[in-house]
Amino acid sequence: MTSTPSIAPAVPLDQAEIAALRERFPILAREMNGHPLVYLDSGATSQRPIEVIDAEHDYATHQNAAVHRGAHLLAAEATELFEDTRATVAAFIGADERELVWTSGATAALNLIAGAIGNASAGLGGAAAERFRLGPGDEIVVTELEHHANLIPWQQLAARTGATLRHLPVDDHGVLRLDAVDDIIGERTRIIAFAHVSNVTGAIAPVSELVALAERVGALTVLDACQSVPHLPVDVASLGVDFLVFSGHKMLGPNGIGALWGRRRLLDALPPFLTGGSMITTVTIDGAEFLPAPQRFEAGTQPVSQAIALASAVRFLQAVGMDRVHATEAAYGQRLAAGLAVIPGVTLIGPPPGTPRAGLASFDLAGVHAHDVGQFFDDRGIAVRVGHHCAQPLHRRLGLTASTRASSYLYTTEAEIDAFLEATTLVGPFFGVSR
Amino acid sequence: MTSTPSIAPAVPLDQAEIAALRERFPILAREMNGHPLVYLDSGATSQRPIEVIDAEHDYATHQNAAVHRGAHLLAAEATELFEDTRATVAAFIGADERELVWTSGATAALNLIAGAIGNASAGLGGAAAERFRLGPGDEIVVTELEHHANLIPWQQLAARTGATLRHLPVDDHGVLRLDAVDDIIGERTRIIAFAHVSNVTGAIAPVSELVALAERVGALTVLDACQSVPHLPVDVASLGVDFLVFSGHKMLGPNGIGALWGRRRLLDALPPFLTGGSMITTVTIDGAEFLPAPQRFEAGTQPVSQAIALASAVRFLQAVGMDRVHATEAAYGQRLAAGLAVIPGVTLIGPPPGTPRAGLASFDLAGVHAHDVGQFFDDRGIAVRVGHHCAQPLHRRLGLTASTRASSYLYTTEAEIDAFLEATTLVGPFFGVSR
Amino acid sequence: MSGLESLYQELILDHARQRHGFGLRDAPAAESHQLNPTCGDEVTLQLHPGPDGRLAPIAWEGHGCSISQASSSCLSDLAAGLTPSELQALVDEFRTVIRSRGTLEFDEERFGDAAAFSGVSRYIARVKCAMLPWVAAEEAISRLP
Amino acid sequence: MSGLESLYQELILDHARQRHGFGLRDAPAAESHQLNPTCGDEVTLQLHPGPDGRLAPIAWEGHGCSISQASSSCLSDLAAGLTPSELQALVDEFRTVIRSRGTLEFDEERFGDAAAFSGVSRYIARVKCAMLPWVAAEEAISRLP
Ligand SMILES: Cc1ncc(COP(=O)(O)O)c(C=O)c1O
Ligand SMILES: Cc1ncc(COP(=O)(O)O)c(C=O)c1O
Ligand code: FES
Ligand code: FES
C-alpha cells in the first residue's frame with residue numbers, strides 16, 4: 001500500500017541505539033509533574049536535536065545577513081549557506097532543487113497551491129496559467145480524513161471559482177473507502193488532494209492507485225506529506241504526484257519553515273501567490289514580471305536561519321536512515337494498535353492491528369472525554385494529544401468530537417509505548433467508568 | 001512631519017553606551033576581509049543580541065511543544081509563553097493584543113490584507129465583509145517610493161477586482177510630492193497604502209496628513225512600518241491608521257516572524273486569508289466557520305520560538321528606549337546626508353541635509369555602478385546594500401537602476417559612519433572616474 | 001492530594017456523572033449557546049423564571065469533559081433562587097477565582113459544591129472548560145427581557 | 001595583489017571604460033537579451049556574420065557593473081573569427097572557470113584579455129555579472145538560422 005521506494009525490510013533501531021540518540025535531545029531529559037517526560041506528541045511537533053538547535057544559534061551568532069541582495073561578504077556567505085540548504089532538503093525527497101519552494105510551513109504551502117490556482121482562475125498568469133483555471137462544473141476532490149489545512153483552502157478555492165468540492169468517504173473505522181472512488185473521481189475532477197499518512201488514523205494512503213486515477217482523468221494531485229516526509233523514505237519521482245508539502249517542525253526542524261515541492265513545468269506555469277521583494281525581474285508602478293520557480297513563490301525575506309536548521313535536521317535523519325526510522329515506527333504503530341485494541345472500553349481508530357500504519361494511534365475511551373484522558377496521562381508525565389486533531393469531519397463521521405492520540409518518533413522507546421498502554425488501562429477505573 | 005508621539009527631544013546614546021551595547025552582539029566582533037566588520041546594512045536585516053539568540057535556544061532546548069491544542073503541561077507552558085509574547089509586542093506599538101496578528105513577516109502581512117480584501121471582493125466573508133469589497137471604479141493609492149512588498153500585492157488586488165491602482169509621485173530627489181495629492185486621492189479612493197519610513201530615501205511620511213485625507217474620503221489606510229517600528233517610537237493609536245505591518249528580523253529579532261496590526265472591528269469583519277488548523281470553530285466537509293481575530297488569521301502551526309525571541313528583542317529595545325534609539329539614528333542620518341552631499345560625484349537620494357530623515361542614506365556615484373561601489377566597501381569590511389532595494393519604480397523615476405545604501409541601528413558607532421564616509425571619497429578615484 | 005485528585009475531586013466526578021439540570025425546557029426566559037473553540041465542546045443554557053422574580057434551576061444541554069459538565073451541573077443548582085443580578089455577581093466571582101492560577105479559593109458558603117473547582121484554577125488549559133457554562137449564563141442574563 | 005585588485009584588474013577597468021563592440025547594428029544573424037535579476041542589469045547581444053562562415057566581432061548594448069561591461073567587451077573581441085561552435089566551446093570553458101571558486105585559471109592564449117577574469121571566480125556574487133554576456137551569446141548561438 002505504501003508508495004515509498006524502500007522494499008527491502010530495514011532493521012528497526014534497537015533500544016540501545018535509541019538511548020544513544022536520545023542524548024542528542026535535551027528536552028527529553030525533562031521531568032513533568034514529578035515523572036520523566038514521555039513525549040508521545042511528535043505528530044503535533046517533534047523535538048529538536050542539539051545539532052539543529054545549535055545550527056540556528058551559530059548562524060545568528062556569526063553569519064546572519066540578508067540573502068540574495070548583498071554585495072558584501074557576510075551576505076554572500078549567508079546566501080550560499082541558504083542555497084545549500086535547498087539542495088540538501090530537495091535531495092532528501094529525491095527532488096531537483098529548482099522544484100523546492102520554501103514556505104513558512106505546510107499550511108502556507110497548501111494555501112500557496114490553492115491560492116495560485118485561484119489567481120490563475122481569476123485570469124492572472126497569462127496563457128501559461130490557463131491550464132489551472134477552475135470554474136463551475138470543475139471538481140476538486142479531497143478525502144473525509146483530511147487535516148483542516150488540506151481541506152479549508154480547497155473549500156475557499158471552490159467558493160471563489162464556482163468549482164465543486166467532493167470527497168472520498170471513510171468507513172466506520174476511519175479507513176478510506178476505495179470502492180467509492182469511481183463515483184467521485186471522473187472527467188470533471190481537476191484536483192485530487194489527500195494526505196500521504198493520516199495524522200489521526202495513521203493509515204498510509206494508496207498513493208499509486210489515486211495517482212493512476214488522476215492521470216486517467218487528467219487531474220492534478222496534491223499530497224499532504226506532513227506525516228510522511230518526517231517518518232518514511234519519500235521519493236517524489238516514484239510517488240508520481242504533482243505537488244507535495246511538508247513542515248520542518250515535524251521533522252526535527254524549527255518552527256516557521258516548510259516546503260512545497262512541485263513539478264517544474266507546473267511551478268513555472270503557476271502564477272505567484274505571495275508577492276513582494278526578491279521574486280521579480282522588472283517592476284513598474286503598474287505591473288510586475290516574476291522570476292521562475294522557486295523564487296517566484298518566495299516573496300520577501302526568507303526564513304534563512306530556519307532553512308539552515310532544517311538542513312541540519314535532514315542530515316540527522318539521513319545519518320540514522322529513513323528506512324530504519326520507518327521500520328522502528330511501524331513496529332511501534334503495531335504495538336500501539338495491538339495494545340489499545342484489547343483494553344476494555346477502548347475503540348481504536350483507523351487500520352486494525354496487523355494492517356500497516358505509521359507509528360501513531362488514536363482512540364476513544366467510552367464514557368471518558370478525551371481531555372480528561374489527556375489530563376490523566378499528563379499527571380503521569382505522558383504527553384499525548386487530545387481533541388479533533390484538526391480533523392473535525394473525520395471525527396464527526398466516527399460519531400466523536402475528540403479522540404486521544406499517541407505519536408512516536410525515532411527517539412521514542414518501547415518502554416514509553418508500554419508506559420502509555422499501561423496508563424490507558426487505568427483511565428477508565430480512575431474516572432469510575434464501570435466495566 | 002513625523003507622527004510619532006515623542007515630542008520631547010531625547011538624548012542620543014553616547015558612544016560609551018553604544019560600545020557597551022555592542023558587547024551583546026557577537027557578530028559585530030567579526031572580521032571581514034581582514035578588517036573589523038562595519039555593519040551598515042541594518043535596513044535589510046538587523047543583527048541579534050545574545051539575549052534574543054538565547055531566548056530561542058532555550059525554548060527549543062527546554063520548552064518546545066505545539067501550542068493551543070495541548071492538554072499536556074509542556075504544551076500548556078508553551079502556549080502561555082506564546083500568548084505572553086503577543087501582549088509584549090502589542091504593547092510595544094501601543095496596541096491591544098487582540099489586534100496583533102502574527103505573520104511570517106511584513107511581506108506576508110501585506111499580502112494578508114490585500115488577499116483578504118480580494119476574498120471579500122470575491123464574495124467571501126458574508127455581509128460583514130461587504131465594506132471591503134472592491135470593483136471597477138474603485139481606486140487603491142500607493143506612493144512611487146514603495147517597497148515592492150507594498151506595491152505588487154496591491155497591483156494583484158487591482159488585477160483581481162478591476163479596481164485601479166494610482167500613485168502619489170515623488171520629485172527629482174525621491175521626496176513625496178504632496179502637491180499632487182488632491183488629484184490622486186478622492187471619492188473613489190478606497191485604500192491608501194504607504195511606507196512610514198522609506199527604506200531608500202529615509203524620509204518619514206506625512207502620516208497625519210494622509211490619514212486626514214483618507215478619513216475625508218472614507219478610505220482605509222495601510223502603513224508599511226518595516227523601517228519605523230524598529231527605529232522610532234510607534235504608537236498605533238496616535239498614528240490613526242487602520243492597518244500596520246512590520247518584520248521581526250529588522251528589529252533585533254529572528255527571521256520568519258512579523259506582525260499585522262489592525263483595528264479590531266476591521267479585523268473581525270475581514271475574511272481570512274490563509275486557512276487551515278487552529279483558526280476555526282466548526283468545520284464540515286463543505287464549509288468552515290472561523291474564530292475572531294487574531295486567531296482567524298493564524299492558520300497552522302505558528303512561529304512560536306520566533307515570537308518568543310521577538311518579545312525578547314522588544315524588551316531589549318524598551319530597555320534602551322525607543323526615543324533614544326531614534327535620537328541616535330536621526331543624528332546618524334544627518335551625519336550621513338551631510339557627509340555624502342559634499343563628496344564629488346555623489347548624488348544624495350531623498351531629503352537634503354538638515355531635513356528630517358531616519359538613520360540611513362542612499363546615493364548614486366556618477367560613473368561607478370552601485371555593485372562596484374559595494375564591492376569597494378566590502379573589501380574594507382564595510383557592509384552596505386547596493387541595488388534597487390526592492391524599489392524599482394523609485395529608482396526608475398530617479399534615472400537609476402541601482403544605488404548604494406548605508407543604514408544604521410542602535411549598535412552603530414559614529415566611527416563607523418565616518419569610516420563609511422571616508423571610503424566613499426575613495427571609490428571614484430579607485431575606479432578612475434575623473435573629476 | 002495529588003494534582004490529579006485536586007483537579008478531579010469526587011464532587012466534580014459525581015456532578016459530571018449525574019448532571020443536575022440536564023435537559024432543555026420549553027419557553028425559557030433567556031438562552032445562550034457557547035462553544036469552546038479549543039475542543040469543540042458546546043453548551044446550551046436556559047434561564048427560567050422561578051418564584052418571587054428569582055430564577056429556577058438552570059436547564060442545560062451539551063457535551064464536554066467532566067470539568068465542563070460538572071461546572072454546568074453545579075451552576076444549575078446555584079442559580080436556583082437567585083435574582084439575575086445576584087447570579088451575575090456570582091459569575092464575576094467565579095471568573096476571578098478560576099483565573100487566579102491557584103492564588104484564590106472558592107468560598108464554600110457561597111459556592112457550595114462548586115467550591116470543588118478551586119483545584120481547576122491551577123490548570124490553565126482547563127479554565128475554559130470550567131468557565132463554559134458561566135459564560136453562557138452571563139450571556140443569557142444579558143438577554144433577559 | 002589585494003583582493004580588490006585581483007577582481008578589478010587594470011585590463012577589466014579599461015574594457016569597462018572603453019567598451020569594444022558597444023552599439024547594435026542592423027540585420028544580426030541572431031540576437032539575445034539577458035537580464036540579471038539580482039541587480040536588474042541587462043545586455044542585448046548580436047551575432048553578425050563575418051568572412052568564411054566565421055563570426056564578426058559581437059555587437060552589444062546594455063548597462064551594468066564594470067565586470068559585466070568588461071566581460072561583454074572582451075567577448076566581443078574574442079568572438080571575431082570563430083565559428084559558432086568554436087564560440088560555444090569557449091562559452092562552456094568560460095563558465096567552468098568562472099564558476100570554479102578560484103580553483104581554475106583562464107588560459108591566456110585562449111582567452112586573451114578575458115583571462116583577467118580569473119580573479120572574479122572567487123567572488124560568487126559577481127560570477128553572474130561576468131557570465132551575463134556569455135549567457136546571451138549562448139542563446140544567440142542557439143538561435144542562429
Ligand atoms: C496531515 C497534516 N497536514 C497538515 C498539517 C499542518 O501543518 P502545519 O501546522 O505545520 O502547517 C499537519 C500538522 O498539524 C498535519 O498533520
Ligand atoms: C519598507 C519595507 N517594506 C517591506 C519590506 C519587506 O519586509 P520583509 O522582507 O521582512 O517581509 C522591507 C524590507 O525588506 C522594507 O524595508
Ligand atoms: S475539553 Fe471541552 S469543555 Fe473541557
Ligand atoms: S551588478 Fe549587475 S551585472 Fe554586475
Side-chain angles (χ1 to χ4, degrees), chain A residues 26-27 32-33 44-45 47-48 53 57 60-62 64-66 69 71-74 104-105 107-108 111 122 124 144 148-149 152-153 155-156 159-160 167 247 249 254-256 274-277 280 283-285 287-288 299-301 303-306 371 374-375 378 383 386-387 390 392-393, chain B residues 26-27 32-33 44-45 47-48 53 57 60-62 64-66 69 71-74 104-105 107-108 111 122 124 144 148-149 152-153 155-156 159-160 167 247 249 254-256 274-277 280 283-285 287-288 299-301 303-306 371 374-375 378 383 386-387 390 392-393:
Chain A
I27 204 170
M32 301 305 285
N33 296 318
T45 202
Q47 295 303 341
R48 311 176 201 166
I53 300 172
H57 194 273
T61 315
H62 301 300
N64 177 50
R69 306 182 219 159
H72 57 85
L73 186 57
L74 203 58
S104 62
T107 300
N111 278 275
L124 303 184
E144 203 171 10
H148 296 161
I152 312 178
Q155 291 176 347
Q156 298 264 310
R160 268 205 308 261
H167 69 276
S247 269
H249 69 96
N255 288 133
L274 300 181
T275 56
I280 53 89
V283 180
T284 65
I285 198 86
T301 302
V304 180
S305 54
Q306 290 83 359
H371 274 74
Q375 198 78 53
D378 183 49
V386 297
C390 297
Q392 283 190 2
Chain B
I27 204 170
M32 300 308 284
N33 298 317
T45 202
Q47 296 302 342
R48 311 177 201 166
I53 300 173
H57 194 272
T61 314
H62 300 300
N64 178 49
R69 305 183 221 157
H72 57 84
L73 186 57
L74 204 58
S104 62
T107 300
N111 276 275
L124 302 185
E144 203 171 12
H148 296 161
I152 312 179
Q155 292 177 346
Q156 297 266 309
R160 268 206 308 263
H167 70 272
S247 271
H249 70 96
N255 289 134
L274 300 181
T275 57
I280 53 88
V283 180
T284 65
I285 199 84
T301 303
V304 181
S305 54
Q306 290 83 0
H371 274 74
Q375 199 77 54
D378 182 49
V386 296
C390 298
Q392 284 189 2

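In the text below, chain A, chain B and the rest are named by the order of the sequence lines, each starting its count at 1. These values consider heavy atoms only, across backbone and side chains, with no hydrogens, waters or symmetry-generated copies.
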Atom group of B/His57 that falls short of 4.5 Å from chain A, counting heavy atoms = both

If you tally heavy-atom pairs under 4.5 Å between each of A/Thr45, A/Asn111, A/Thr107 and chain B, the highest tally belongs to A/Asn111

Look at the side chain of A/Asn255 and the backbone N and O of B/Thr301, then say whether any donor-acceptor pair between them is shorter than 3.5 Å.
-> no

Relative to chain B, which of A/Ala299, A/Pro303, A/Ala60 shows the most heavy atom pairs under 4.5 Å?
-> A/Ala60

Winner by heavy-atom pair count (cut-off under 4.5 Å) against chain B, out of A/Leu274, A/Val304, A/Asn64, A/Leu73 = A/Asn64

Contacting moiety of B/Leu124, where chain A heavy atoms sit under 4.5 Å | side chain

Please examine the side chains of A/Val283 and B/Pro393, heavy atoms only from C-beta on, and report whether any two atoms are closer than 4.5 Å.
-> yes

What distance do B/Asn33 atom CG and A/His72 atom NE2 have between them, rounded to the nearest 0.5 Å?
-> 11.5 Å

Closest-packed option against chain B by number of heavy-atom pairs under 4.5 Å, given A/His167, A/Gln306, A/Gln155 | A/Gln155

Is there a donor-acceptor contact under 3.5 Å from the side chain of B/Asp378 to the main chain of B/Ala383?
-> no

Got B/His249 and B/Pro254 here, is their nearest side-chain heavy-atom distance under 4.5 Å?
-> no

Among B/Thr275, B/Thr61, B/Thr284, which has the most heavy-atom pairs under 4.5 Å with chain A?
-> B/Thr275

Side-chain donor or acceptor of A/His148 paired with backbone N/O of A/Gln392 under 3.5 Å = yes

Pick whichever of A/Gly387, A/Ala288, A/Gly374 has the most heavy-atom pairs under 4.5 Å with chain B.
-> A/Ala288

Please look at B/Ala122 and chain A and tell me whether the side chain, the backbone, both or neither of the residue comes under 4.5 angstrom of a heavy atom of that chain.
-> side chain

Could you tell me which portion of B/Ser104 (side chain, backbone, both or neither) has an atom closer than 4.5 angstrom to a non-hydrogen atom of chain A?
-> side chain

Is there a donor-acceptor contact under 3.5 Å from the side chain of A/Glu144 to the main chain of B/Ile285?
-> no

Top residue by heavy-atom pair count (under 4.5 Å) with chain A, among B/Gly256, B/Gly105, B/Ser305?
-> B/Ser305

First locate atom NE2 of A/His62, then atom CD1 of B/Ile27, and finally report the distance between them rounded to the nearest 0.5 Å.
-> 8.5 Å

